Amino acid sequence: MKTVYVDNNATTKVDGDVLKEMMPCFTDIYGNPSSMHHKGAESGDVLKLARKRVASILNAQPDELIFTSCGSESNNTAIRSALRMNPGKNHIVTTMVEHPAVKTLCESLEKEGYQTTFVPVDSKGRLDLDKLYASLSDDTAIVSVMWANNETGTIFPIREIAKKVKERGILFHTDAVQAVGKIPVDVTDIPFDMLSLSGHKLHAPKGVGALYLRNKTRFSPFLIGGHQEHGKRGGTENLASIVGLGRACELALAHMNDENTRVKKLRDKLETRLTAKIPKSFINGDQEHRLPNTTSISFEFIEGEAILLMMNEDGICASSGSACTSGSLEPSHVLRAMGVPFTAAHGTIRFSLCRYNTEDEVDYIIEKLPPVIQKLRDMSPFWKEN
Ligand code: PLP
């Protein structure tokens with residue numbers, strides 16, 4: 001069956017070059033990087049190179065990186081470390097539209113006695129900055145604001161937020177899992193204390209991520225064990241995947257221009273044509289400040305899950321809202337926070353492209369989707385009523 005994969009915010013295919021660099025780590029470069037012998041040293045060398053390559057995509061120093069198992073671990077590590085290092089402070093500031101790796105953690109921390117401000121967004125998904133700044137207090141231990149939203153692609157004004165938060169002397173963390181690899185990131189330009197990234201969103205394998213920790217930031221490890229990662233994360237390093245992440249970061253940098261020109265043009269064509277062809281459809285999120293690969297489109301009066309299943313019969317792989325929340329019939333918390341009407345939130349599809357997508361694939365979706373929507377609407381009592 002033909003496959004058109006446009007679900008790259010959920011996960012990406014491992015780049016062939018990435019896999020090629022990883023393979024020797026299973027068969028040849030298998031020593032434990034902490035071992036004294038030459039096999040250990042060999043692994044230590046490739047680990048060092050990978051750290052340098054990941055640092056490059058952030059313009060960071062290699063020793064400012066902690067390798068983790070995923071973006072969720074990086075987020076958990078950052079927030080829990082801030083709370084441990086500020087025992088007198090009880091308040092967290094985040095947003096209503098964070099990925100569950102931050103949102104659910106904060107909800108769980110509330111049960112442990114912490115207080116969280118979830119800053120709202122407007123109908124375009126733009127953050128209420130006045131509310132954010134007004135919520136900061138001497139009791140605030142950390143502000144954690146995502147850089148780019150995984151569902152709508154909306155990019156928050158992270159430089160301005162980071163500067164304001166740092167003026168108050170509060171720790172600032174950003175979940176940059178969807179930003180890294182898609183838009184330029186420079187930690188010398190924006191005063192983050194911590195930043196999370198994840199390998200499988202940028203053509204590295206699943207099971208590897210990183211936390212950027214600015215030098216001299218007070219830190220408490222999440223995974224306690226051996227002295228790996230300069231004592232900041234216990235556990236023998238997942239060498240092959242870390243090597244893969246290093247190469248993937250190099251490739252993402254090399255393809256950044258393509259992502260922001262050709263891929264963006266494909267995304268624009270897809271959403272413009274679909275919303276022109278299909279009545280009662282609209283794009284969600286801030287169209288001006290948006291990831292170049294992402295579009296979230298609502299098709300009113302039908303179910304996103306039904307659209308996904310029918311698209312899948314044509315080989316098209318997309319997502320309804322966040323992949324992590326699929327399996328639940330609740331409309332996504334992001335669309336609810338934006339006030340998207342229930343009848344539209346339910347019929348929302350996220351298309352997220354990548355450098356492997358072609359114009360033919362986009363044309364294929366533009367051809368296949370309108371009849372799918374029409375067929376489902378013909379069966380929908382809500383559509384007939386409206
Ligand atoms: N943060 C954002 C914005 C995401 O989109 C995701 C994954 O979808 C995560 C965090 C979690 O990353 P991981 O799957 O590596 O744990």
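None of the values given here were measured: they were computed from a predicted structure. Computation of the quantities below employed the complete heavy-atom set of this structure, encompassing side-chain atoms and omitting hydrogens, waters and symmetry-equivalent molecules.
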When you check the gap from the basic side-chain N to the acidic O, do [X] and [Y] get nearer than 4.0 Å?
X      : Y      : value
Arg247 : Glu21  : yes
Arg350 : Asp7   : yes
Arg53  : Glu250 : yes

Looking at [atom1] of [X] and [atom2] of [Y], how far apart are the two atoms once the value is rounded to the nearest 0.5 Å?
X      : Y      : atom1 : atom2 : answer
Glu64  : Lys232 : CD    : NZ    : 9.5 Å
His289 : Arg126 : NE2   : CZ    : 9.5 Å
Tyr133 : Asp128 : OH    : CG    : 10.5 Å
Lys103 : Thr94  : NZ    : OG1   : 10.5 Å

Quick one: list whatever passes side chain to side chain contact (heavy atoms under 4.5 Å, CB included) with [X], sequence neighbours left out.
X      : value
Arg273 : Lys269, Ile366
Ser137 : His91, Asp139, Thr140
Lys163 : Arg159, Pro191
Arg262 : Asp258, Leu266, Arg355

_Under a 3.5 Å distance rule, please check whether Ser81 uses its side chain to pair with a backbone N or O of Ala78 as donor and acceptor._
no
_Test item: Glu361 side-chain N/O and Thr358 main-chain N/O as donor-acceptor pair under 3.5 Å_ = yes
*Are Lys39 and Tyr30 in a cation-pi setup, meaning NZ or CZ lies under 6.0 angstrom from the ring centre and within 45 degrees of the ring axis?*
yes
Strictly by ring pair (Phe, Tyr, Trp, His ring centres under 6.0 Å), give each pair with a member in [range] just once, sequence neighbours left out.
range            : result
residues 140-165 : Trp147-Phe192
residues 347-376 : His203-Tyr356
residues 40-73   : none

_Glu151: which of Met338, Gln178, His333 passes side chain to side chain contact (heavy atoms under 4.5 Å, CB included)_ = His333
_Ser196 and its side chain to side chain contact (heavy atoms under 4.5 Å, CB included) partner, picked from Ser144, Cys70, Ser74_ = Ser74
Exercise: identify the closest heavy-atom pair between [X] and [Y]:
X      : Y      : answer
Pro205 : Val18  : CD-CG1, 4.3 Å
Ala101 : Asn75  : CB-ND2, 3.6 Å
Ser281 : Leu274 : OG-O, 4.1 Å
Tyr5   : Thr11  : OH-O, 2.7 Å

*Yes or no on side-chain hydrogen bond (donor to acceptor under 3.5 Å, both in side chains) for Thr154 and Asn149, after CA distance, side-chain angles and deciding distance?*
CA-CA 5 Å; Thr154 298; Asn149 188 272; over 6 Å; no
Of all residues at least two apart in sequence or in a different chain, which pass the salt bridge (charged side-chain N to carboxylate O under 4.0 Å, His left out) check with [X]?
X      : result
Lys89  : none
Glu160 : none
Glu229 : Arg51

*What do the steps show when you test Thr294 against Asn9 for side-chain hydrogen bond (donor to acceptor under 3.5 Å, both in side chains), and what is the final call?*
CA-CA 8 Å; Thr294 308; Asn9 287 8; 3.0 Å; yes
Anything under 3.5 Å between a donor and an acceptor, one on a side chain of residues 309-316, the other on a protein residue two or more places apart or in another chain? List them.
none

N/O donor to acceptor pairs below 3.5 angstrom from side-chain atoms of residues 219-227, sequence neighbours left out:
{"from": "Ser220", "atom 1": "OG", "to": "Arg84", "atom 2": "NH1", "distance (Å)": "3.0"}

Establish, from distance only, whether the side-chain atoms of [X] and [Y] form a donor-acceptor pair under 3.5 Å.
X      : Y      : result
Asn293 : Asn357 : no
Thr68  : Glu73  : no
Ser35  : Asn32  : no
Ser298 : Thr348 : yes
Ser296 : Asn284 : yes

